[in-house]
Every structure is written in structure tokens, then in C-alpha cells.
Amino acid sequence: MPANAELSSADVERLAAFLDEAEREAREVDKITDQYPGLGHADAYAIQRALLARRRARGERLAGRKMGLTSFAKMRQMGVDSPIHGFLPDSGCIPDGALASMRGLIHPKVEAEIAVTTTRELRGPGCGAAEALAAIGMVHAAIEVIDSRYRNFRFDLPSVIADNTSAARYVIGAAGVPAAGLDLRHLGVVLEKNGGVLATGAGAAVLGHPAASLAALVNLLAEQDEALPAGTLVLTGGVTEAFPVQAGDSVRVTVQQVGSAAVRFG
Ligand code: OOG
Ligand code: MG
């Protein structure tokens, strides 16, 4: 298949079903660019949208959006070089402090993230960080549990976009703080597992400023002619690299001046 070839809608549906079933059966599969080496980003996002449509047809709801690969630590870890976005289904939400079941997960990893909610609609292209920052209402500490459906957690950019950017579960810290008065760029972030520090970072790790990540999301959504509605929850992307977890692990993310989010795996 030539580069940037457009997939037929039947192929988009078939690949979405392939990834959806892998997720539901917690089974790792070959990355889809093994079947379609020329898969372009537009086709990959079409598959991701078809995945969302399948989940909605089952009664799941869109609970928010996420950015991924927004920090150099993450780009280096995964060997890819540009930010991507995905969706957060309500079924992935784990209450702060609750137990997350390992059932349904393949090879989960945790990420320390800064989550924000928006107070007004944002629409690209051309959304800048200052405009995005002005639209941030609350800020929360967050944990994203990513779980690639691909064998050995290895993929390329089109494959991971189609796989909804490895989205699996997420924990939003119960206490949030209004963005006004916070310096998001300089907030310290600490990721702990079983009481020991795994990694530390700052808001600036996320594309220089978490608001820049929000703006990038808005501009990427504009490519598919979508706006980001007021009241959207957004995970701005892992501050540090991601770390594997297993049953019995407890994870906590603390964001300076904001609060923490915690989860146990069982
Ligand atoms: C892709 C998703 C990355 C983040 O915060 O950078 C991501 C992956 O690494 O599997 O969610
Ligand atoms: Mg993430």
C-alpha cells in the first residue's frame, strides 16, 4: 500500500474491531502497520474514531481527552517523536484511592500526569498556549494507566494512534485547585510506587507547559474538524517515563500545590 493511502471504510471498521477485541479480551496483538505498512496518521485517527463509535454503541460515554508523548522522557522511552491524542471513556475512570483490577489489563504501566478541565470551548487551528491557559478551570494530579494492545508494548506512531494512544484507566485526584494563581510550568511532580520514589519532574516537562499540550490537542482536533467543548477533562501527558505495575502495587502521584492521586492494583 502506498504511503498516505486512504483506507476504505471497511478496512477502518475491521481494524477498529481488531483492536477493540484485543482490548476486551486483554490479548496482545501484532501492530497494525505490520498489515498496513503505509498507514498514515489520518487513517490511524479514523480507526481511533471508529473505536470510540464502537464503545458508544455499547453505552460507554466520552469522559475526556488525553495527550500522549508530550514529554521528552516519553518520546525517548517509546522511540517516537511527536505528540498524539486519544479519548478517555467513562469506563476507564478509577476513583481516587480505589483498587484497580488487573483483570482486563495486558501489561499496564503508570504515568504521572497533570489533568485540567476547561471552562470554555477551544477551537483550532492556531490555538496558542496563552489562549489554552486562559480556558483552564481546575487542575488535578492524575495517574494514567496505559496498556498497549501491541505485543511487548512496542509500536510506531500510526499503530499507537489507532490503538487510542494505549489509553486504559485513569485516576483523577479528588481534590483539585483552580489554575488561576498556579504556575503550571514550575509545579513539581512526584511519582511513587509502594512508598518509594520512581521519578520526579515538573510541569515544564510537558511540551514546555501543560497549557501548550492543551493547545496542541485543540489544534490536532481541528484537523478532524472538531472543537474541544467547555467542561472537558484533559490528561496533558506523562511528565516522566512510564513504569510497569503488577497486582499488589500502590501508586501515588503528587503535584505541588495541587494534591495527589492514588491507586492500588489487585
Ligand atoms: C502511548 C501513550 C503515551 C503519555 O502520557 O505520554 C501517553 C504509550 O506510550 O503507550 O499516554
Ligand atoms: Mg498518558
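Along the sequence shown, the residues carry numbers beginning at 1. Whatever order the structure lists them in is the order used to number ligands and atoms, beginning at 1.
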**Request:** Mind running side chain to side chain contact (heavy atoms under 4.5 Å, CB included) on R169 and V171 for me, showing each step along the way?
**Result:** CA-CA 7 Å; R169 311 280 185 268; V171 184; over 6 Å; no
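For E144, the N, O or S atom closest to the Mg ion (ligand 2) goes by the atom name OE1.
Using a 4.0 Å cut-off between a side-chain N of Lys or Arg and a carboxylate O of Asp or Glu, R149 and E28 do not qualify as a salt bridge. For R49 and E226, the salt-bridge test fails: no basic side-chain N is under 4.0 Å from an acidic carboxylate O. A salt bridge links K74 to E111: one of the charged nitrogens lies within less than 4.0 Å of a carboxylate oxygen.
Within ligand 1, the atoms closer than 4.0 Å to a non-hydrogen atom of M78 are 9 (O), numbered from 1 in the order shown. Residue contact check: M67 has heavy atoms under 4.0 Å from atoms 5 (O) of ligand 1. Within the listing of ligand 1, atoms 1 (C), 8 (C), 10 (O) sit less than 4.0 angstrom from a heavy atom of S166. Heavy-atom contacts of E111 reach the following atoms of ligand 1: 3 (C), 4 (C), 5 (O), 6 (O), 7 (C), 11 (O) (cutoff under 4.0 Å). Listed by number with element, the atoms of ligand 1 under 4.0 angstrom from any heavy atom of K74 are 3 (C), 4 (C), 6 (O), 8 (C), 9 (O). Which parts of ligand 1 touch E113 is read off a 4.0 Å heavy-atom cut-off, strictly below it: atoms 5 (O). If you number the atoms of ligand 1 from 1 as listed, the ones under 4.0 Å from a heavy atom of G238 come out as 4 (C), 5 (O), 6 (O). Each of the following atoms of ligand 1 lies closer than 4.0 Å to a heavy atom of I146: 8 (C), 9 (O), 10 (O), 11 (O).
When H107, R154, M78 are each tested for a side chain to side chain contact (heavy atoms under 4.5 Å, CB included) with S148, only one passes: H107.
In this structure, K66 counts as a contact residue of ligand 1, since one of its heavy atoms falls inside 4.0 Å of the ligand.
The N/O atoms of T70, backbone and side chain alike, include none that comes under 3.5 Å of an N/O atom in ligand 1. Between G237 and ligand 1, not a single N/O pair is under 3.5 Å apart. Of the polar atoms of F153, none of the N or O atoms is found under 3.5 Å from an N or O of ligand 1, judged by distance alone. Residue T165 has no nitrogen or oxygen atom sitting less than 3.5 Å from a nitrogen or oxygen atom of ligand 1, judged on distance alone.
In this structure, the protein non-hydrogen atom closest to atom 6 (O) of ligand 1 is L69 N, 2.7 Å.
Classified by interplanar angle (parallel below 30°, tilted 30° to 60°, perpendicular above 60°), the ring pair Y45/H85 is parallel.
Note: angle at the Mg ion (ligand 2), from OE2 of E113 to OE1 of E111, is 90° (rounded to 10 degrees).
Using a 3.5 Å distance cut-off with no hydrogens or angles, the side chains of T165 and K66 do pair a donor with an acceptor. Between Y36 and D43, the side chains place no donor N or O within less than 3.5 Å of an acceptor N or O (distance only, hydrogens not considered).
For R58, the CZ atom is densely surrounded, since the number of other residues' heavy atoms within 6.0 Å is greater than 12.
Annotation: cation-pi pair K109/F153 present, NZ/CZ under 6.0 Å from the ring centroid and within 45° of its normal.
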